[in-house]
2 protein chains.
Amino acid sequence: MATIKDVAQAAGVAPSTVSYVLSGSRKISAETRAAVQAAVEELGYHPNAGARSLRSTRTDVLALALPLSGTGYLPVGGRFMYGLSEAAGRHGYLVLLVTPPGAGDAGAGLERAARSRFADAAVLMGVEMEDPRVAAMRVLDFPVALIGHPADESAAPWTDLDWEESALASVRALRDAGHRRVLYLATVEEDVDTRRTYSVRGIRGAERAAAEAATHVDVCHSSGDPAELYRRLDARFDAADPPTALAVQHPAAIPGILRHLAARGIQVPRDVSLVAVGSFPEDLGGLDVTRIELPVAEMSAAVTRLAAEAVEAAGDPGRSGGPSARHRLIPPRMIRGSTVAPAP
Amino acid sequence: MATIKDVAQAAGVAPSTVSYVLSGSRKISAETRAAVQAAVEELGYHPNAGARSLRSTRTDVLALALPLSGTGYLPVGGRFMYGLSEAAGRHGYLVLLVTPPGAGDAGAGLERAARSRFADAAVLMGVEMEDPRVAAMRVLDFPVALIGHPADESAAPWTDLDWEESALASVRALRDAGHRRVLYLATVEEDVDTRRTYSVRGIRGAERAAAEAATHVDVCHSSGDPAELYRRLDARFDAADPPTALAVQHPAAIPGILRHLAARGIQVPRDVSLVAVGSFPEDLGGLDVTRIELPVAEMSAAVTRLAAEAVEAAGDPGRSGGPSARHRLIPPRMIRGSTVAPAP
DNA sequence: CTGAAAGCGCTTACAG
DNA sequence: CTGAAAGCGCTTACAG
């Protein structure tokens, strides 16, 4: 593989000059620059990543800390990996996947990635309200940006869909259609239990909706086990006062829910209205569901920008006064489908 | 961040001794080793990745070349990212995502990753029958392993589900249930057109099934646009001799297909039987579909092993005689669900 | 069984 | 406008 020396020799200049041409951090005569660029092209030269990072302490890599799999949001993980890889690429970053450790200690793989300087910053997925990884990275003085809206908004830069407003808007849309008994199906309970930000904030929004209006909102946790989920639904629909509408923050379950309800003779939207909270079109099996979509591309772009800023800030001296805690909270956008009808 | 010098100082030994303790490539007295390990622990030392790779030409990173998104297999990408990250982790590797370039030149991002030595080897997804990335990486002498069964089986090490046998087995299962007119719904046509290995081989299997037996097999390409897909289905079901069974290699479309057929009064399995070729349970919206599952964990483990071997081989001298072209072709395993019934 | 030293390929003050 | 030189943090022959 060609090194900077090879390029320098081919161009008839010093290695340092090649470096300056490539970084653009010094004025170079047009002649010299052209010669160097020709040599670079000719030799297919790309600077060695290890040498560059050793010297400059920049790797041009973002570590993406994956959430534990096995939750109801598995498909989401894949979307963010794609989305972040693309957004990061536009900023000149590559994305390194960091799988969560088997047990206990939050951020073992992440900590290794940080301490070994595999990356310049970490992007955290599956963020919890009080996420231990944030503190762990702060100790290491390692920049982070979160996909998730943590309890302490100034703990680290973050971006998220406004799940609280999303849940609220979903219930309101059903209320405005005349529904007075709404079942809010939250995320799977593992996510609730670990206090994932989207779980907690979605439920919070549902509870706010319950408090504000003439609509009764029953909050029920979903389950990764369809049979268990259907039992919970049945309990509600067997009750004296069954819901007339559903807001569902577990979009992957929606096709199955519709099938289960249909088997009970319950049609959407004839008998029950439905809104999906934070979904992709693909989650819905081609159904034209009224929904709030998860803006993955926008969130990926935002978190990349925040991470890049955090990297810059870590280099600067003016940063010592604590994290700047910029964030981007994305308001919900409702997409009207055909699953909301006036209450019977 | 602690360096090897800090550890050496704390342990009262030379830096080289620390290195030897960590690599295990030299006999070290128990005393010395204990002192070094204590210092490593104490300081939370992790060797700098850049320095290590600069010196040893090992990065402990695998580059995962992503397929273009937007195909019918988007969810699959996410599964492999998770699966590979986990499998790679067990072999001591981290996974770096490499997004395909916007246009033309196959492997620009990949080529950069290879030339800059961001990784020790590349794992290719979305492999085409004659994949230009394989040749590109060979020129660079960069090890690869493929998730996909290429035309030239000895071009590079690879693993794949045996899609040809999978399609064959699916049609045979339907034939054995008495079906004589089977519609094979292949992958989305973009994948067929780019000659993705799973597309081509799935169709090949369907055609073999057509040739071998008293069953008529109609091969139809799927579409990422549901409306278009349903038009194609309608054309078949409106024909004089409509199919009595479907084998579907586009699992994400199955919930929608069932809904569309139901709207036409066609019930599964009463009127039409169905087999899914290469799916995940989640693709199927909780339906108990008779299917051949895509063994992501097994494939991830296999491709990791192949990549690791390719890295070793690249270091060895005995390798110059061309690629060893090991592979692992995984036979289909049929999971019986409730969507296959005797032919009417 | 352990250490001193060279050098991997860069970047960036220092010098002119 | 350009170059010679130091050094980032490791690994690994070389030496004892």
Side-chain angles (χ1 to χ4, degrees), chain A residues 1-37 39-40 43-61 92 112-120 315, chain B residues 1-37 39-40 43-61 92 112-120 311 314-315:
Chain A
M1 207 101 319
T3 72
I4 198 168
K5 274 190 185 168
D6 301 322
V7 175
Q9 194 155 29
V13 298
S16 55
T17 300
V18 175
S19 178
Y20 284 119
V21 169
L22 261 45
S23 71
S25 65
R26 190 193 246 189
K27 280 220 149 51
I28 302 281
S29 75
E31 250 182 315
T32 305
R33 186 179 21 251
V36 168
Q37 275 162 350
V40 164
L43 298 170
Y45 170 72
H46 286 250
N48 180 287
R52 185 211 272 270
S53 83
L54 175 58
R55 194 50 239 238
S56 68
T57 65
R58 281 295 181 87
T59 61
D60 295 338
V61 170
R112 178 185 163 222
R115 290 197 116 110
S116 288
R117 295 279 152 187
F118 272 100
D120 297 328
Chain B
M1 207 100 321
T3 72
I4 198 168
K5 274 191 186 169
D6 300 323
V7 175
Q9 196 154 29
V13 299
S16 55
T17 301
V18 175
S19 178
Y20 284 119
V21 169
L22 261 45
S23 71
S25 64
R26 189 193 247 189
K27 281 220 149 51
I28 301 283
S29 75
E31 250 182 315
T32 304
R33 185 178 21 251
V36 168
Q37 275 161 349
V40 164
L43 298 171
Y45 170 72
H46 287 249
N48 179 287
R52 185 210 274 269
S53 82
L54 175 57
R55 193 51 238 238
S56 68
T57 65
R58 281 297 181 84
T59 61
D60 294 339
V61 170
R112 178 184 163 224
R115 290 197 116 109
S116 287
R117 294 280 152 186
F118 272 100
D120 297 329
V311 172

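Just so we're on the same page: letters track the sequence lines, and every chain starts at 1.
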If you compare every side-chain N and O of B/Ser56 against the phosphate oxygens of D/dT12 (OP1, OP2), does one of them come in below 4.0 Å? no

Report yes if at least one side-chain N or O of A/Thr17 is closer than 4.0 Å to OP1 or OP2 of D/dG3; otherwise report no. yes

Ignoring hydrogens and angles, answer whether the base of [N] and the side-chain atoms of [X] contain a donor-acceptor pair closer than 3.5 Å.
X: A/Arg117; N: D/dG9; value: no
X: A/Tyr20; N: C/dA13; value: yes
X: B/Ser16; N: C/dA5; value: no
X: A/Arg26; N: D/dT2; value: yes
X: A/Arg55; N: C/dG9; value: no

What integer distance in Å separates A/Arg58:CZ from C/dC10:P? 18 Å

Give the rounded distance in Å between these two atoms: CG of B/Asn48 and P of D/dT11. 10 Å

Against the side chain of B/Arg52, the closest entry in D/dT2, C/dA4, D/dT11 is D/dT11

Could you check whether A/Ser29 gets within reach of a base, just the sugar-phosphate, or nothing at all, counting any heavy atom under 4.0 Å? sugar-phosphate

Under a 3.5 Å limit on both distances, the Watson-Crick or wobble mate of C/dA4 is none

Closest-nucleotide 5' rank along DNA chain C - winner of A/Pro47 and B/Thr32: B/Thr32

